[in-house]
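Structure record follows, encoded as structure tokens.
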Amino acid sequence: MQKTRFDGIYYIEKGKNKLLCTENLTPEKRFFEEDLIRDKGNEYRVWDPRRSKLAAGIKKGLSQIGLKPGFFVLYLGASHGYTPSFVSDIVGKEGFVFALDFAPRVVRDLVFLCEKRKNIAPILADANQPEKYMHQITEVDFIYQDIAQKNQSQIFLRNCELFLKKDAFAILCVKARSVDVTKKPSVIYQQVRRELEKVITIVDYKILDPFEKDHCIFVCKKK
Ligand SMILES: C[S@@+](CC[C@H](N)C(=O)[O-])C[C@H]1O[C@@H](n2cnc3c(N)ncnc32)[C@H](O)[C@@H]1O
């Protein structure tokens, strides 16, 4: 197992491939049929960049992600918890993940995950209505957003304004087709960039093809 430039994220070489991994916070338990690898007494979970835009961004060469062990995280668009479970490994026992989604069916699955992983709390709420969940969360060290909404950048900026500490990082995954199906993804990415830059500093950006078609990822820092 080798370290990456990011705390809590490792890789293992398998043939020509480098598999991304995190150390399993719940040894011998897995929730998404991911491969488990034992190395020098520790257990690691293999993180698939085709299922996770954060893993895809790392594979595409993001220079920084701003996520560290011990961090408190607000995760918007947690779905069944695949990427949140890896974020939970990265922040570890000292950190915490508020995992929010507005679809009751997926939050039901999240509840099962959170029963086993004590550093995640499921929140059933609309990221567009932060006033409805502000009483359930604290100020955080990191925000991650992966929701397919037309106004995804406004939702992101509003949540950063309300909950993100100054100088802290936040990641926005953009699905171009949710913003406007009639425009080229590159045009949408530029449009989102202009909206973000008015309020927040963009520190890195990657297009996620071929892992996720027509998606990009912005790493931002609060001013
Ligand atoms: C692509 S999935 C997220 C996948 C997840 N981030 C992962 O990598 O494992 C997008 C999720 O965003 C949720 N979503 C979309 N709009 C939302 C909103 N306004 N508030 C909360 N969740 C939302 C959907 O219900 C869906 O579960």
Side-chain angles (χ1 to χ4, degrees), residues 9 20-22 24-25 30-34 45-60 62 65-67 73-91 97-114 116-117 119-134 136-137 140 142-163 169-181 185 188 192 206-209 211-219:
I9 305 177
L20 278 182
C21 307
T22 56
N24 192 359
L25 193 66
R30 59 181 186 157
F31 305 92
F32 303 95
E33 299 190 348
E34 67 277 25
R45 301 168 60 224
V46 175
W47 191 7
D48 184 353
R50 295 197 179 269
R51 286 185 76 181
S52 169
K53 290 158 204 125
L54 182 55
I58 293 168
K59 286 293 271 186
K60 289 291 305 262
L62 282 176
I65 56 170
L67 177 61
V73 174
L74 173 59
Y75 192 117
L76 303 168
S79 192
H80 304 273
Y82 182 74
T83 305
S85 72
F86 291 91
V87 173
S88 144
D89 281 344
I90 296 164
V91 300
V97 185
F98 299 104
L100 182 143
D101 204 289
F102 73 172
R105 226 206 64 68
V106 299
V107 173
R108 199 183 61 193
D109 290 349
L110 263 185
V111 170
F112 293 121
L113 179 72
C114 298
K116 300 284 185 255
R117 289 187 164 251
N119 70 350
I120 315 185
I123 300 177
L124 176 64
D126 185 343
N128 228 338
Q129 298 183 304
E131 62 288 352
K132 296 229 172 117
Y133 53 87
M134 62 198 325
Q136 287 175 270
I137 68 174
V140 294
F142 181 79
I143 292 182
Y144 183 84
Q145 180 178 306
D146 177 16
I147 62 176
Q149 290 287 338
K150 195 169 170 52
N151 64 336
Q152 49 199 283
S153 41
Q154 287 91 335
I155 295 175
F156 177 72
L157 289 173
R158 179 80 179 125
N159 278 276
C160 289
E161 182 193 350
L162 289 173
F163 306 117
F169 286 79
I171 284 185
L172 172 65
C173 303
V174 175
K175 181 176 181 180
R177 305 215 161 269
S178 297
V179 179
D180 190 339
V181 272
I188 302 290
V192 171
K206 294 283 175 223
I207 289 172
L208 297 182
D209 299 53
F211 299 109
E212 285 278 1
K213 193 171 178 313
D214 299 337
H215 282 72
C216 76
I217 190 165
F218 286 96
V219 182

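The shown structure was predicted, so the numbers you read here are calculated from the model rather than taken from an experiment. One is the number of the first residue; the rest follow in order along the sequence. All ligand and atom numbering here is 1-based and tracks the order in the structure.
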Under 4.0 Å from ligand 1, counting heavy atoms only: the protein residues, by chain and number: Arg51, Lys53, Tyr75, Gly77, Ala78, Ser79, Tyr82, Thr83, Pro84, Leu100, Asp101, Phe102, Ala103, Ala125, Asp126, Ala127, Asp146, Ile147, Gln149

For Asp146, enumerate each residue passing the salt bridge (charged side-chain N to carboxylate O under 4.0 Å, His left out) test, keeping only those at least two apart in sequence or located in another chain. Lys53

Residue list, salt bridge (charged side-chain N to carboxylate O under 4.0 Å, His left out) with Asp180, at least two apart or on another chain: Lys183

Partner set under side chain to side chain donor-acceptor pair (under 3.5 Å) for Asn24, not counting sequence neighbours: Thr26, Glu43, Arg117

Is there a donor-acceptor contact under 3.5 Å from the side chain of Tyr144 to the main chain of Pro84? no

Gap between atom CZ of Arg45 and atom CZ of Phe31 - 0.5 Å precision: 7.5 Å

Only residue of Thr83, Thr22, Asn119 satisfying side chain to side chain donor-acceptor pair (under 3.5 Å) with Ser88 is Asn119

